[in-house]
Q: 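There's a structure below that I have some questions on.
FYI, the numbering just counts along the sequence from 1. None of these values were measured; they are calculated from a predicted model.
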Amino acid sequence: PGAESLLEEHLSVVRGAWPAARVQTREAALVLEPSPDPTILALQREYDLVNVRILFEGREFEGALGLLHHIRGDDYDYLILDSGSLRLGRRVAGEDTVLERAEIELSPGWHEIEVVAAGDHFRGYVDGELLVHGHAGERSPGRVGLLIDGAGTLALDDLRVTSLDS
């Protein structure tokens, strides 16, 4: 109950349903058990130039975890990690355009994914290593958030959103 209140205080559901949540006391992480449908959770504030990163541990999770930015309605830009593939792209009117893709193999344990959006320039990192890089037209400021689509349990910690506006 406490973890769900914390989620609802800072995030809202853009698509899908609230995942079941609990705080894992040993590592002070938020552990989510996703709903069967893809879920997008977003912060209320809008950002233009932005850096978004989160720590995750998903050894008991099968599916996709994404960092989304410039969310406006059903459109957004993304960095999605899914079954050994990292995709940097844009979703507009239900259609995905992948700017760059990289294959990745993660060892068990905690990892960090990070996306940087600066104007028309986008970069995606895993554990501090630049793996995908792309360019697309600039967008109006939008919300940032998470995409969770899968089954099992996913531990999240230390979501950081930094505005890069001068």
Q: For Arg143 and Leu43, indicate whether the former's side chain and the latter's backbone hold a donor-acceptor pair under 3.5 Å.
A: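 Such a contact is found between Arg143 side chain and Leu43 backbone.
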
Q: Is the CG atom of Asp74 crowded by more than 12 outside heavy atoms at less than 6.0 Å?
A: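 No, not enclosed.
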
Q: Evaluate the ring planes of His133 and His121, with Trp represented by its six-membered ring, and classify them as parallel (under 30°), tilted (30 to 60°) or perpendicular (over 60°).
A: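 Tilted: the ring planes of His133 and His121 meet at 30° to 60°.
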
Q: One pair to check against side chain to side chain contact (heavy atoms under 4.5 Å, CB included): Leu131 and Ile104. What are the steps and the verdict?
A: CA-CA 9 Å; Leu131 295 177; Ile104 182 170; 3.5 Å; yes

Q: Determine, using the 4.5 Å side-chain heavy-atom cutoff (strictly less than), whether Leu146 and Leu88 are members of one ILVMFWY cluster.
A: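 Result: yes, single cluster for both.
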
Q: With the side chain counted from C-beta on, respond yes when Tyr47 and Pro141 share a heavy-atom pair under 4.5 Å apart, and no when they do not.
A: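 Heavy-atom side-chain distance check fails, nothing below 4.5 Å.
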
Q: Can you measure from CG (Leu156) to CG (Asp158) and round to the nearest 0.5 angstrom?
A: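 So the CG of Leu156 and the CG of Asp158 are separated by 11.0 Å.
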
Q: Please identify each residue that fulfils ring pair (Phe, Tyr, Trp, His ring centres under 6.0 Å) with His70, with sequence neighbours left out.
A: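 Not a single residue meets the ring pair (Phe, Tyr, Trp, His ring centres under 6.0 Å) criterion with His70.
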
Q: After noting the C-alpha distance and the side-chain angles of Leu79 and Val132, does the key distance pass the side chain to side chain contact (heavy atoms under 4.5 Å, CB included) rule?
A: CA-CA 9 Å; Leu79 177 68; Val132 289; 3.7 Å; yes

Q: Starting at CG of Leu67, measure out to OH of Tyr125 and round the result to the nearest 0.5 Å.
A: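 Nearest 0.5 Å value for the CG-OH distance: 13.5 Å.
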
Q: List the residues meeting side-chain hydrogen bond (donor to acceptor under 3.5 Å, both in side chains) with Arg87, not counting sequence neighbours, and say none if there are none.
A: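 side-chain hydrogen bond (donor to acceptor under 3.5 Å, both in side chains) list for Arg87, sorted by chain: empty.
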
Q: Should Val126 and Leu68 be counted in the same cluster of Ile, Leu, Val, Met, Phe, Trp and Tyr side chains packed under 4.5 Å apart?
A: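 No, separate clusters.
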
Q: Are side-chain heavy atoms of Leu81 and Leu106 found at a separation under 4.5 Å?
A: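 Contact flag for Leu81/Leu106 side chains = yes.
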
Q: If you group Ile, Leu, Val, Met, Phe, Trp and Tyr by side-chain heavy-atom gaps below 4.5 Å, do Val98 and Tyr76 land in one group?
A: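 Linked, Val98 and Tyr76 end up in one cluster.
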
Q: Among Val144, Thr162, Leu164, exactly one meets side-chain contact (heavy atoms from CB on, under 4.5 Å) together with Val50. Which residue is that?
A: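 The single option meeting the side-chain contact (heavy atoms from CB on, under 4.5 Å) with Val50 is Val144.
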
Q: Classify the side-chain pair Glu33/Thr153 by whether it contains a donor and acceptor separated by less than 3.5 Å.
A: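 Their side chains do not contain a donor-acceptor pair, so the 3.5 Å distance test is not met.
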
Q: Indicate if Leu130 and Ile80 have the same hydrophobic cluster label, given that clusters are the connected sets of ILVMFWY residues with side-chain heavy-atom separations under 4.5 angstrom.
A: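 No, separate clusters.
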
Q: Given side chains that start at C-beta, do those of Val13 and Leu41 come closer than 4.5 Å, heavy atoms only?
A: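 Contact flag for Val13/Leu41 side chains = yes.
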
Q: Using a 3.5 Å distance criterion without hydrogens, assess whether the side chain of Glu46 forms a donor-acceptor pair with backbone atoms of Asp48.
A: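 Absent.
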
Q: First locate atom CG of Leu147, then atom CD1 of Ile40, and finally report the distance between them rounded to the nearest 0.5 Å.
A: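 These two atoms lie 5.5 Å from each other.
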
Q: Looking only at atom types and distance, does a side-chain atom of Asp157 sit under 3.5 Å from a main-chain N or O of Phe56, one as donor and one as acceptor?
A: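 Here the side-chain-to-backbone pair does not exist.
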
Q: Supply the atom-to-atom distance Ile113 CD1 to Ile54 CD1, rounded to the nearest 0.5 angstrom.
A: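 Going from CD1 on Ile113 over to CD1 on Ile54, the span is 7.5 Å.
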
Q: Is it true that a side-chain atom of Arg90 and a backbone atom of Gly137 form a donor plus acceptor pair closer than 3.5 Å?
A: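 Yes, because the side chain of Arg90 sits within donor-acceptor range (under 3.5 Å) of the backbone of Gly137.
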
Q: Please answer: with hydrophobic residues joined when any side-chain heavy atoms are less than 4.5 Å apart, are Leu86 and Ile148 in the same cluster?
A: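 Linked, Leu86 and Ile148 end up in one cluster.
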
Q: How long is the span from the CD1 atom in Ile71 to the CG atom in Asp77, to the nearest 0.5 Å?
A: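 It is 9.5 Å, given to the nearest 0.5 Å.
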
Q: Can you tell me if Arg160 has over 12 outside heavy atoms packed within less than 6.0 Å of its CZ?
A: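 Counting neighbours around CZ of Arg160, 12 or fewer heavy atoms of other residues, nucleotides or ligands fall under 6.0 Å, so no.
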
Q: How long is the span from the CG atom in Leu65 to the CG atom in Leu32, to the nearest 0.5 Å?
A: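 The CG atom of Leu32 is 9.5 Å from CG of Leu65, to the nearest 0.5 Å.
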
Q: Any salt bridge (Lys or Arg N to Asp or Glu O under 4.0 Å) pairs touching residues 94-115, not counting sequence neighbours?
A: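 Checked against salt bridge (Lys or Arg N to Asp or Glu O under 4.0 Å) - neighbours excluded - the pairs reaching residues 94-115 are Arg53-Glu112, Arg91-Asp96.
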
Q: Does one side chain, of His135 or Asp120, offer a donor that lies under 3.5 Å from an acceptor on the other?
A: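 On atom types as modelled, these side chains do not qualify, holding no pair under 3.5 Å.
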
